[in-house]
Number of protein chains: 2
Amino acid sequence: MDDLAAIFKALSEPNRIRILKMLEIRPLCVCEITAVLDLAVSTVSKHLSILKACGLIYDVCENKWVIYHLNRRPGSKYVREISQLLKNWLADSEIVAADRRKVNRVDRNMLCRK
Amino acid sequence: MDDLAAIFKALSEPNRIRILKMLEIRPLCVCEITAVLDLAVSTVSKHLSILKACGLIYDVCENKWVIYHLNRRPGSKYVREISQLLKNWLADSEIVAADRRKVNRVDRNMLCRK
DNA sequence: CTTTCATTTCGATAACTAACGAAATGTGCG
DNA sequence: CGCACATTTCGTTAGTTATCGAAATGAAAG
């Protein structure tokens with residue numbers, strides 16, 4: 001019950017939904033997500049930790065980046081079934097479409113090498 | 001997007017999930033739900049207004065009671081599909097089982113006539 | 001082994017939420 | 001009409017959350 005409520009809570013924040021919809025395009029590092037959402041890095045990191053804590057996403061260290069992936073084989077049946085619904089939703093959302101265009105333009109090598 | 005987030009937020013509160021699972025048994029008035037959850041009436045009324053605002057439940061005035069019903073034909077596809085999942089979940093939850101036993105014992109005529 | 005830099009953690013603040021009791025609302029009955 | 005009573009609204013309080021910038025962490029590269 002509390003597990004389930006925690007999953008719903010994770011999904012109750014529009015910025016976190018945007019992150020999940022972005023990750024459907026491709027795995028992303030923190031700085032790429034930050035660039036798309038236009039929030040402070042620490043804020044994005046916190047959102048990611050919440051999504052990760054309930055199993056919606058997972059992360060992999062790669063070179064100097066932490067790459068976040070959509071979890072396509074979740075252990076929890078709640079996560080599995082809700083993720084499946086979410087994948088089919090918001091295809092017509094203008095915000096999601098705009099985020100995805102930005103995802104295609106953004107490149108961690110450009111963003112982070114100063 | 002914000003609609004969807006609002007639905008997830010409504011579902012992110014354990015007491016509100018309990019209310020939805022109770023309403024699967026039968027429609028209930030505010031005082032019956034209050035008796036089962038053991039919260040202040042005003043708190044329960046607020047939870048019900050949140051569930052109603054996003055279309056998960058609806059209410060009907062009947063005599064001196066306001067009877068809340070699970071919305072089994074939601075207009076929103078989000079509500080429809082999430083409700084369907086929720087109906088199949090938490091069957092094994094001890095809290096839900098206990099609430100449902102209480103629902104079967106509770107009677108608005110006994111509760112409210114003093 | 002020190003510098004660089006992506007990320008996380010910390011500390012602070014403002015906004016929001018759940019909870020309560022009391023007051024207001026509204027409905028049915030005498 | 002006016003009373004009884006179920007429900008909602010209001011005002012308050014305590015706890016939580018989203019956000020930021022600064023400091024800490026940790027890993028790769030010179």
Side-chain angles (χ1 to χ4, degrees), chain A residues 1-2 5-20 22-23 27-54 57-69 106-114, chain B residues 1-2 5-20 22-23 27-54 57-69 106-114:
Chain A
M1 162 85 85
D2 288 340
I7 296 165
F8 285 132
K9 183 163 293 185
L11 292 165
S12 72
E13 230 290 327
N15 288 322
R16 290 197 284 266
I17 296 179
R18 290 171 68 185
I19 291 173
L20 293 173
M22 286 160 51
L23 291 177
L28 295 165
C29 73
V30 180
C31 61
E32 290 172 316
I33 296 169
T34 301
V36 173
L37 293 183
D38 196 29
L39 290 173
V41 190
S42 57
T43 303
V44 171
S45 178
K46 179 67 177 162
H47 283 315
L48 289 166
S49 79
I50 291 168
L51 292 170
K52 181 180 161 185
C54 66
I57 62 175
Y58 65 94
D59 62 339
V60 176
C61 284
E62 228 173 86
N63 300 318
K64 60 177 150 188
W65 294 294
V66 179
I67 312 292
Y68 282 88
H69 297 247
V106 103
D107 176 357
R108 66 189 70 131
N109 290 295
M110 295 298 150
L111 272 176
C112 301
R113 291 267 175 72
K114 300 243 188 64
Chain B
M1 160 84 85
D2 289 339
I7 295 165
F8 284 133
K9 183 163 295 185
L11 293 165
S12 72
E13 230 290 328
N15 288 322
R16 289 196 286 265
I17 296 178
R18 290 172 68 186
I19 291 173
L20 293 173
M22 285 160 53
L23 291 177
L28 295 165
C29 73
V30 180
C31 62
E32 290 172 316
I33 297 169
T34 301
V36 174
L37 293 183
D38 197 28
L39 290 173
V41 190
S42 57
T43 303
V44 171
S45 178
K46 179 66 178 164
H47 282 315
L48 289 167
S49 78
I50 290 168
L51 292 170
K52 181 181 162 186
C54 67
I57 62 175
Y58 66 94
D59 61 339
V60 176
C61 284
E62 228 174 87
N63 299 319
K64 59 177 152 188
W65 293 295
V66 178
I67 312 292
Y68 282 88
H69 296 247
V106 103
D107 177 355
R108 65 189 71 130
N109 290 294
M110 295 300 150
L111 272 176
C112 301
R113 292 265 175 76
K114 299 239 189 63

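In what follows, every chain begins at residue 1, and chains take the letters A, B, ... in the order their sequences are listed. Source: prediction; values computed, not measured.
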How does protein reach along nucleotides 20-30 of chain D, written 5' to 3' as B (base within reach of a heavy atom under 4.0 Å), S (only sugar-phosphate), or - (no contact)? BBB-----S--
5' precedence on DNA chain D between A/K46 and B/V30 (nearest-nucleotide basis):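 Of the two residues, B/V30 wins.
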Which atoms form the tightest heavy-atom contact between [X] and [Y], and what is the distance?
{"X": "A/C29", "Y": "A/R108", "answer": "SG-CB, 3.7 Å"}
{"X": "B/R16", "Y": "B/K9", "answer": "NH2-O, 3.2 Å"}
{"X": "A/A10", "Y": "A/L51", "answer": "O-CD2, 4.2 Å"}
{"X": "A/P27", "Y": "A/I67", "answer": "CB-CG2, 3.6 Å"}
{"X": "A/V66", "Y": "A/C61", "answer": "CG2-SG, 4.2 Å"}

B/S45, nearest nucleotide to its side chain (from C/dT7, D/dT7, D/dT8):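 For the B/S45 side chain, the nearest candidate turns out to be D/dT8.
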If you restrict it to nitrogen or oxygen atoms, what contacts under 3.5 Å exist between nucleotides 12-16 of chain C and the protein, and what is each distance?
none

Starting at atom [atom1] of [X], determine the distance to atom [atom2] of [N], rounded to an integer number of angstrom.
{"X": "B/Y58", "N": "D/dT7", "atom1": "OH", "atom2": "P", "value": "17 Å"}
{"X": "B/K52", "N": "D/dT9", "atom1": "NZ", "atom2": "C1'", "value": "14 Å"}
{"X": "B/L48", "N": "C/dT17", "atom1": "CG", "atom2": "C1'", "value": "16 Å"}
{"X": "B/D59", "N": "C/dT27", "atom1": "CG", "atom2": "P", "value": "12 Å"}
{"X": "A/R108", "N": "C/dA6", "atom1": "CZ", "atom2": "P", "value": "12 Å"}
{"X": "B/L28", "N": "D/dT7", "atom1": "CG", "atom2": "P", "value": "11 Å"}
{"X": "B/L37", "N": "C/dA18", "atom1": "CG", "atom2": "P", "value": "14 Å"}
{"X": "A/I17", "N": "D/dA18", "atom1": "CD1", "atom2": "C1'", "value": "15 Å"}

A/H47 vs A/L37 side-chain heavy atoms within contact, under 4.5 Å: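 No, side chains not in contact.
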Flag the pair B/Y68 / B/D59 as yes when at least one side-chain heavy-atom distance between them is below 4.5 Å, and no otherwise.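 Yes; the side chains approach each other to less than 4.5 Å.
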Determine, step by step, whether A/L28 and A/I19 satisfy the side-chain contact (heavy atoms from CB on, under 4.5 Å) criterion, reporting the C-alpha distance in whole Å, the side-chain angles of both residues, the deciding distance to 0.1 Å, and the verdict. CA-CA 9 Å; A/L28 295 165; A/I19 291 173; over 6 Å; no
Does C/dT8 have OP1 or OP2 under 4.0 Å away from a side-chain N or O of A/Y68?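 Checking A/Y68 against C/dT8: at least one side-chain N or O falls below 4.0 Å of OP1 or OP2.
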Between D/dT17 and A/H47, is there an OP1 or OP2 to side-chain N/O distance shorter than 4.0 Å?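 Checking D/dT17 against A/H47, no side-chain N or O comes under 4.0 Å of OP1 or OP2.
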May I ask you to decide if B/V41's main-chain N or O and B/S45's side chain share a donor-acceptor pair within less than 3.5 Å?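 A pair under 3.5 Å: no.
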